[in-house]
2 protein chains.
Amino acid sequence: MSDGATGLIETEAGAEPRNGERRRGIDRVIMLLEALLRHRAPMRVGDIAKMIGAPRSTTYEIVNSLLEAEMLENVGTEGYVYFGRAMHLFGWAYSHHNAHYRRIIETLDKMAAETGETVQLCGLRGNKYIVLDCRDSSGPFRISSDVGVEVPIPWTASGRLLLGHMSEEELKDFIPPGDYKLPDGRVIAPAEFFSDVALARRQGFSETVALADRFTWCMAAPIRDSYGAINKTLCFVLPVDTPEARRSELLALLCERARGLSLAGS
Amino acid sequence: MSDGATGLIETEAGAEPRNGERRRGIDRVIMLLEALLRHRAPMRVGDIAKMIGAPRSTTYEIVNSLLEAEMLENVGTEGYVYFGRAMHLFGWAYSHHNAHYRRIIETLDKMAAETGETVQLCGLRGNKYIVLDCRDSSGPFRISSDVGVEVPIPWTASGRLLLGHMSEEELKDFIPPGDYKLPDGRVIAPAEFFSDVALARRQGFSETVALADRFTWCMAAPIRDSYGAINKTLCFVLPVDTPEARRSELLALLCERARGLSLAGS
DNA sequence: CGTTATTGTCTGATATTTCAGACAATTGGT
DNA sequence: ACCAATTGTCTGAAATATCAGACAATAACG
């Protein structure tokens with residue numbers, strides 16, 4: 001039960017757990033929190049222990065400490081735990097400490113209110129794409145993708161923009177080969193993806209139609225930092241049958257707002 | 001430099017650090033994060049070390065681990081650190097895992113959009129009051145109180161509601177004597193506070209005028225859980241000179257929405 | 001420019017934490 | 001009613017993470 005276990009979380013923190021060795025409590029905490037984030041639902045202590053490859057006794061110890069600090073909290077009566085209130089406070093502090101991020105959130109709110117569509121703020125985490133924040137459409141058509149869940153970059157419109165600074169060579173090294181395979185089994189040809197990236201760079205926006213799933217039309221526009229680099233994108237997730245007229249209207253709005261949030265002159 | 005240091009963080013986790021003793025890494029992490037939350041701004045490693053009463057070498061070790069996990073991140077170039085992206089993701093997961101909380105957030109958004117006023121969600125943390133989430137007024141009059149900062153209960157309208165289930169005896173034991181002293185030096189008579197609590201319970205809402213600061217009129221309404229207990233409140237923070245007509249309109253809205261979010265029948 | 005404080009990195013020793021495993025108490029399946 | 005799996009709590013022992021302190025390199029200050 002050391003290496004082969006599936007779903008095992010391997011943080012960079014601490015590299016390999018050579019047989020019979022001990023791990024630091026801190027690293028366990030980090031692994032635990034990331035496991036919980038991935039799983040995206042309350043877990044029992046026993047399952048957490050399996051997931052992070054830690055002894056049960058150790059896991060109980062750690063979980064109890066985190067419970068006491070309100071970083072975790074009990075959910076239901078049957079020993080399930082999930083993130084706690086303190087995490088909310090820490091996260092809030094993160095997202096409000098910097099004026100730029102605050103402006104972005106306000107824009108997100110405003111766009112959601114004005115259009116009623118699903119709006120997302122996206123970025124990279126390592127070599128995966130993640131949603132950093134979102135406002136879900138108020139309509140019945142609700143495609144909620146979870147904040148913080150890692151998704152292969154080629155599945156997304158934003159991904160094509162976020163990699164705009166890379167050469168083809170760099171792209172090849174950066175994207176894990178398996179990530180070209182879509183959830184429905186289709187495979188994107190790398191060459192096609194590379195030209196998408198180039199197109200996105202030229203256009204200053206990117207669209208994907210029925211890619212990661214059959215029902216959505218995604219459009220993304222870049223938010224540039226003060227060096228002109230693209231670290232984040234703003235995007236709409238629309239029903240795939242949205243009429244052309246409305247789509248181009250929304251695309252224009254998206255690009256305008258994203259430009260307004262960019263720090264570079266250009 | 002063991003006991004007398006001011007501003008030292010004392011988490012419940014681990015009680016007393018008897019002389020010459022070592023502390024667990026996990027406890028240090030917890031103390032560190034809470035120190036950062038209190039301080040509400042990026043800190044240098046040296047200052048963190050002082051604040052949590054840990055050796056510098058240990059602090060560097062821990063900070064580096066947390067940086068690698070993106071639970072902290074570097075801010076600026078001069079060795080400052082603050083909460084990192086991972087915290088945002090964990091916090092987001094917390095606040096969306098439960099349908100009730102999600103409904104509350106939506107209501108918060110809607111009320112802010114409709115009224116343009118500052119709206120807050122409040123609760124208790126131990127024997128202090130904290131803001132759990134807020135939407136700031138879009139107008140020029142912006143009273144932003146920070147989410148997660150602990151405030152003496154008697155300073156707040158919400159506090160009067162949140163303690164509604166306690167007897168006078170319990171209140172006496174619960175509130176630290178120093179908490180009756182307002183920031184401007186005035187002191188609230190405990191008896192007066194107790195009768196405020198009773199009044200709030202009877203009315204089903206609570207208001208304070210120019211209490212914690214001279215410029216605000218606060219009104220709070222209770223959100224009841226499925227047992228009828230009040231764990232959270234919804235409140236408006238208004239300019240103190242808001243006309244009576246608008247105030248009563250807003251109060252009615254507040255009470256209606258808070259009742260809509262309550263889970264109890266009553 | 002000399003003096004004092006701070007930062008970031010290392011080191012070795014020991015006080016402590018992690019770990020394996022045992023335990024009783026539940027739970028679940030058949 | 002049986003057997004198997006799981007939960008939560010304890011234990012002692014070994015492995016190691018925390019600690020004090022030293023170090024060079026900047027920074028702060030008069």
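Chain naming here is simple, since letters A, B, ... match the order of the sequence lines and numbering starts at 1 in each. Below, all heavy atoms of this structure are taken into account, side chains as well, without hydrogens, waters or symmetry copies.
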Trainee: Parallel, tilted or perpendicular for A:Tyr82 and B:His97, by the 30°/60° rule?
Mentor: tilted
Trainee: Specify the separation, in whole Å, of atom CD of A:Glu61 and atom C1' of C:dA20.
Mentor: 15 Å
Trainee: Rounded to the nearest 0.5 Å, what separates atom CE in A:Met87 from atom CG in A:Leu72?
Mentor: 6.5 Å
Trainee: Give the rounded distance in Å between these two atoms: CD1 of A:Ile26 and C1' of C:dT16.
Mentor: 14 Å
Trainee: What class does the angle between the rings of B:His96 and B:Trp92 fall in, given that below 30° is parallel, 30 to 60° is tilted and above 60° is perpendicular?
Mentor: parallel
Trainee: If an axis is fit to five pairs at each end of the helix from C:dC1-D:dG30 to C:dT30-D:dA1, what is the angle between the two, to the nearest 10°?
Mentor: 60°
Trainee: When you check the phosphate oxygens OP1 and OP2 of D:dC19, does a side-chain N or O of B:Arg28 lie under 4.0 Å from one of them?
Mentor: yes
Trainee: Keeping the roles fixed (side chain from B:Glu170, backbone from B:Ser167), state whether a donor-acceptor pair exists under 3.5 Å.
Mentor: yes
Trainee: For B:Leu36 and B:Val81, which heavy atoms make the closest approach, and how far apart are they?
Mentor: CD1-O, 4.1 Å
Trainee: Could you state the atom-to-atom distance from CZ of B:Arg22 to C1' of D:dA15 in whole Å?
Mentor: 12 Å
Trainee: Is any side-chain N or O of B:Arg24 under 3.5 Å from a base N or O of D:dA17, one able to act as donor and the other as acceptor?
Mentor: no
Trainee: Compare every heavy atom of B:Ala93 with every heavy atom of A:Arg40, then report the nearest pair and how far apart it is.
Mentor: NH2-CB, 4.0 Å
Trainee: Without hydrogens or angle criteria, can the side chains of A:Ser65 and B:Arg24 be said to hold a donor-acceptor pair below 3.5 Å?
Mentor: yes
Trainee: Would you list the protein and nucleotides 4-9 of chain C atom pairs, both N or O, that sit under 3.5 Å from each other?
Mentor:
residue, atom, partner, partner atom, Å
C:dG8, OP2, B:Tyr60, OH, 2.6
C:dG8, O5', B:Tyr60, OH, 3.4
C:dG8, N7, B:Arg56, NH1, 3.2
C:dG8, N7, B:Arg56, NH2, 3.4
C:dG8, O6, B:Arg56, NH2, 3.0

Trainee: Under the 3.5 angstrom rule, does the side chain of A:Arg135 hit a backbone N or O of A:Leu108 as a donor-acceptor pair?
Mentor: no
